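Comments concern the structure below.
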There are 2 protein chains.
Amino acid sequence: MKEIVANARAPFGSVYHFFPGGKEQLGAETVRRSGAECGRLLPLVLDAHPDLVEAVRAFFALAAQDLVEANYEDACPIATVALETSSTSEILRQACADVFEDWIELGSERVAAAGIPRDAARNLTIAMIAMLEGAFVLCRATRTTEALIVSGQWCAKMAEAAMPASRRTGN
Amino acid sequence: MKEIVANARAPFGSVYHFFPGGKEQLGAETVRRSGAECGRLLPLVLDAHPDLVEAVRAFFALAAQDLVEANYEDACPIATVALETSSTSEILRQACADVFEDWIELGSERVAAAGIPRDAARNLTIAMIAMLEGAFVLCRATRTTEALIVSGQWCAKMAEAAMPASRRTGN
DNA sequence: GTCTATAGAAGGATAGAC
DNA sequence: GTCTATCCTTCTATAGAC
């Protein structure tokens, strides 16, 4: 907390003026805010690639590139908090859960727009988010991008398989 | 540390007698030990199901069941440590990396035994571990098993797709 | 070689001056 | 309503008695 306040060049007491709930409230709001920020990345990448399979490939490639550029220090800002706090703080757990549900909803919409039925779209999106999050864990631990590369390839295949035959481009 | 020592009914100083490296060393050895323990679960489940696709299904179903029984409090003992410490402790990061590499190697052997070429076996195993780890993150945050269920279905499909046509059982 | 008692730092939170 | 100074707790680690 002291580090955060110093970094913000604010007096220490201000934290408790603006965040009466203290550390937990500040954490929860940070999760929601950075979660929404990450969520905005999704349409950004997807809209640049009209083909869903290409978009998935691009997304994982970008994730791998960002991870290396961040020296393997920053990946998903939510996952760490989710694992650390889900059993000890209902407020923080709920914030993480809401962010994940938003991402699933956001992704599902785009996936469905590619011609995949609503339920299948949700399932595909959940699987891709799970694979992305898990790959981040493996990559940060090993300091390699192998898991992200491999995961991207599989997710592209999954997207391909979920597409209705009529809309496949053969990527 | 105090909690651990108290739980072990040991005097506090003993920690630093047996683990001169303090918290970091104790953590690293815990990661390696519980990682190996989890690793032993893999052959246990896989050997009970001679068909790889069935084994994958069983593994995810078991993971979901265990998670619910643990009230969503315990999932993977390595992932949390990996995310929390990879940027701040080289010793702990390396311990997590070694565990993950062991799991990949262990899994690859079994997958390869189902008739999948060595490289494809490694890629499939990495993808499945990533999806499992990511699903744990989502499930613990949402306190639902949806992500694990969905991930299990996709991993079964992935295993199916990776099998040589001659060995497919049509599961 | 085992353990107790405590050091020394960092943690989060608050009281009360302005 | 803003901020400073400080409180109390908790943390990891160690010194030194036995």
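Each chain gets a letter, A, B and so on, in the order its sequence line appears, and its residues count up from 1. Owing to the predicted nature of the structure, the values given are computational and were not obtained by experimental measurement. Every heavy atom of this structure was used, including side-chain atoms; hydrogens, water molecules and symmetry mates were not.
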Any Lys/Arg nitrogen of [X] or [Y] sitting under 4.0 Å from an Asp/Glu carboxylate oxygen of the other?
{"X": "B/Arg32", "Y": "B/Glu29", "answer": "no"}
{"X": "A/Glu133", "Y": "A/Arg140", "answer": "no"}
{"X": "B/Arg57", "Y": "B/Glu54", "answer": "yes"}

Practice task
Tell me which residues in residues 16-32 of chain B put a heavy atom below 4.0 Å from DNA chain C, sorted by number, or none.
Solution key: B/His17
Practice task
Quick one: which residue pairs count as a salt bridge (Lys or Arg N to Asp or Glu O under 4.0 Å) with a foot in residues 144-156 of chain A, not counting sequence neighbours?
Solution key: A/Glu146-B/Arg122
Practice task
Treating a pair as Watson-Crick (purine N1 to pyrimidine N3 plus N6-O4 or O6-N4) or G-U wobble (N1-O2 and O6-N3) with both distances under 3.5 Å, list the stems of 3 or more consecutive pairs that involve DNA chain D.
Solution key: C:1-18 with D:1-18
Residue [X], side-chain heavy atoms: nucleotide from [options] that is nearest:
{"X": "A/Ser14", "options": "C/dG12, D/dA13, D/dC3", "value": "D/dC3"}
{"X": "B/Lys2", "options": "C/dT14, C/dT4, D/dC11", "value": "D/dC11"}
{"X": "B/Phe12", "options": "D/dC3, C/dA5, C/dA13", "value": "C/dA5"}

Practice task
Specify whether A/Tyr16 and A/Phe12 have parallel, tilted or perpendicular ring planes, treating 30° as the upper limit for parallel and 60° as the lower limit for perpendicular.
Solution key: tilted
Fill in the blank from the handout: When rounded to the nearest 0.5 Å, the distance separating CD of A/Glu90 from OG1 of A/Thr85 is 10.0 Å
Problem - Residue B/Asp119 excluded, over 12 heavy atoms near CG under 6.0 Å - result: no
Practice task
Flag the pair B/Met158 / B/Val56 as yes when at least one side-chain heavy-atom distance between them is below 4.5 Å, and no otherwise.
Solution key: no
Problem - B/Met1 CE to D/dT9 P, straight-line distance once rounded to whole Å - result: 23 Å
